[in-house]
Amino acid sequence: MFSKAKTIHAIEVMGEMFPNAKCELTHKNPFELLIAVMLSAQATDISVNKVTPHLFEKYPTPEAFLAVPVEAIMDDIKTIGLFRNKARHIQGCCRKLIDEFNGEVPKTRKELTSLPGVGIKTANVVLGDAFGVPAIAVDTHVERVTKRLGICRLKDSVGEVEATLMKKLPESMWVEAHHRLIFFGRYHCTARSPKCDICPLLEECREGKQRMGI
DNA sequence: AACTCGGGGCA
DNA sequence: TGCCCAGAGTT
């Protein structure tokens, strides 16, 4: 297992590899980010960005999403997978934003995850990127990368991965660490063919040394 | 913990 | 063609 210092160092190396690591979902306000992250479930951010400009021009507010039948929203996001669930969740989410949160995106994890279609991952991204609240969102990339390196144990649950990262990183690094881990996983330490041969973290990577026979 | 939803992108 | 994608809800 990585020590705190070793974990921080790994995140810093990732920052050197990806100095521009940040949320790639285009958005202008917390509401747009919330909807965009909901859409990104099991879809690439690139495909989400292809529909959101038109989507937010057509539906700039929760009220606008509720003014049309759910089929209309499905049609607007049909190039993204799981669009039936997502369209339904968007309207359910907008309904609750209006009824219980005065039409605004709430700023606590508990309130966010009470929204239909919003889980811990989406909540943490909104907290971190829209409101600047320290949070680490564990997705498939974060889970894979931290387990490969040895920052977390292979058997750790998503919650345990999150807890470990929160324990081994200062709060001030949580949000940027999240983005760096994702960029590292998305563009370098990919699921199928990690670039161990050119990886600056190879010497301290549990799985990488195995793969390279070191 | 396992299963399901789902069309597009890419090899 | 076959496999994967910055997940969440249900059982």
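Chain naming here is simple, since letters A, B, ... match the order of the sequence lines and numbering starts at 1 in each.
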Could you give the distance separating [M] and [N] at their [atom1] atoms, to the nearest angstrom?
| N | M | atom1 | answer |
| --- | --- | --- | --- |
| dC3(B) | dC4(C) | P | 15 Å |
| dG6(B) | dG2(C) | C1' | 15 Å |
| dG8(B) | dG9(C) | C1' | 23 Å |
| dA11(B) | dA6(C) | P | 14 Å |
| dC5(C) | dC5(B) | C1' | 13 Å |

Let me see the working for Thr52(A) and Leu25(A) under side chain to side chain contact (heavy atoms under 4.5 Å, CB included), right down to the final yes or no. CA-CA 9 Å; Thr52(A) 45; Leu25(A) 297 168; over 6 Å; no
Could you check His179(A) against Gly117(A) and say which one's nearest nucleotide on DNA chain C is further toward the 5' end?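 Whichever sits nearer the 5' end wins; that is His179(A).
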Closest-nucleotide mapping onto DNA chain C: is Arg192(A) or Val125(A) further toward the 5' terminus? I mean the 5' end.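 The residue closer to the strand's 5' end, by nearest nucleotide, is Arg192(A).
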5' to 3' on DNA chain C, which nucleotides open and close the contacts with chain A (atom under 4.0 Å from a heavy atom)?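 Here the contact window of chain A covers dC3(C) to dG9(C).
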Using a heavy-atom cut-off of under 4.0 Å over every strand shown, decide if [X] touches base, sugar-phosphate, or nothing.
| X | result |
| --- | --- |
| Thr140(A) | sugar-phosphate |
| Lys86(A) | nothing |
| Val48(A) | nothing |
| Gly119(A) | sugar-phosphate |
| Ala137(A) | nothing |

If you assign each of Arg84(A) and Ser47(A) to its closest nucleotide in DNA chain B, which residue comes earlier from the 5' end?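 Its nucleotide being nearer the 5' end, the pick is Arg84(A).
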Lys/Arg-Asp/Glu bridge criterion (N-O < 4.0 Å) met for Lys58(A), Asp76(A):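 Salt bridge present between Lys58(A) and Asp76(A).
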Less than 4.0 angstrom from a charged side-chain N to a carboxylate O is my criterion; do Glu111(A) and Lys107(A) meet it?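 The answer is no: the pair does not qualify as a salt bridge.
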Does NZ or CZ of Lys86(A) come closer than 6.0 Å to the centre of the six-membered ring of Phe83(A), within 45° of the ring's axis?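 Ring-cation test returns no.
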Against Glu162(A), only a single residue in Lys121(A), Arg109(A), Lys168(A) fulfils salt bridge (charged side-chain N to carboxylate O under 4.0 Å, His left out); can you say which?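 Exactly one option meets the salt bridge (charged side-chain N to carboxylate O under 4.0 Å, His left out) with Glu162(A), and it is Arg109(A).
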Classify the ring geometry of Phe18(A) against Phe184(A): parallel below 30°, tilted from 30° to 60°, perpendicular beyond 60°.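 Perpendicular.
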With side chain to side chain contact (heavy atoms under 4.5 Å, CB included) as the criterion, how do Ile35(A) and Tyr59(A) come out once you've worked through the C-alpha distance, each side chain's angles and the decisive distance to 0.1 Å? CA-CA 11 Å; Ile35(A) 302 298; Tyr59(A) 312 107; over 6 Å; no
Are Ile198(A) and Lys195(A) close enough, and set up right, to give a side chain to side chain contact (heavy atoms under 4.5 Å, CB included), and what steps lead you there? CA-CA 6 Å; Ile198(A) 59 168; Lys195(A) 301 173 181 175; 3.8 Å; yes
Connected via hydrophobic side-chain network under 4.5 Å: Leu33(A) and Ile46(A):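 No.
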Chain A footprint on DNA chain B, 5' to 3' - any atom under 4.0 Å from a heavy atom: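 So the contact region on DNA chain B extends dC5(B) to dG9(B).
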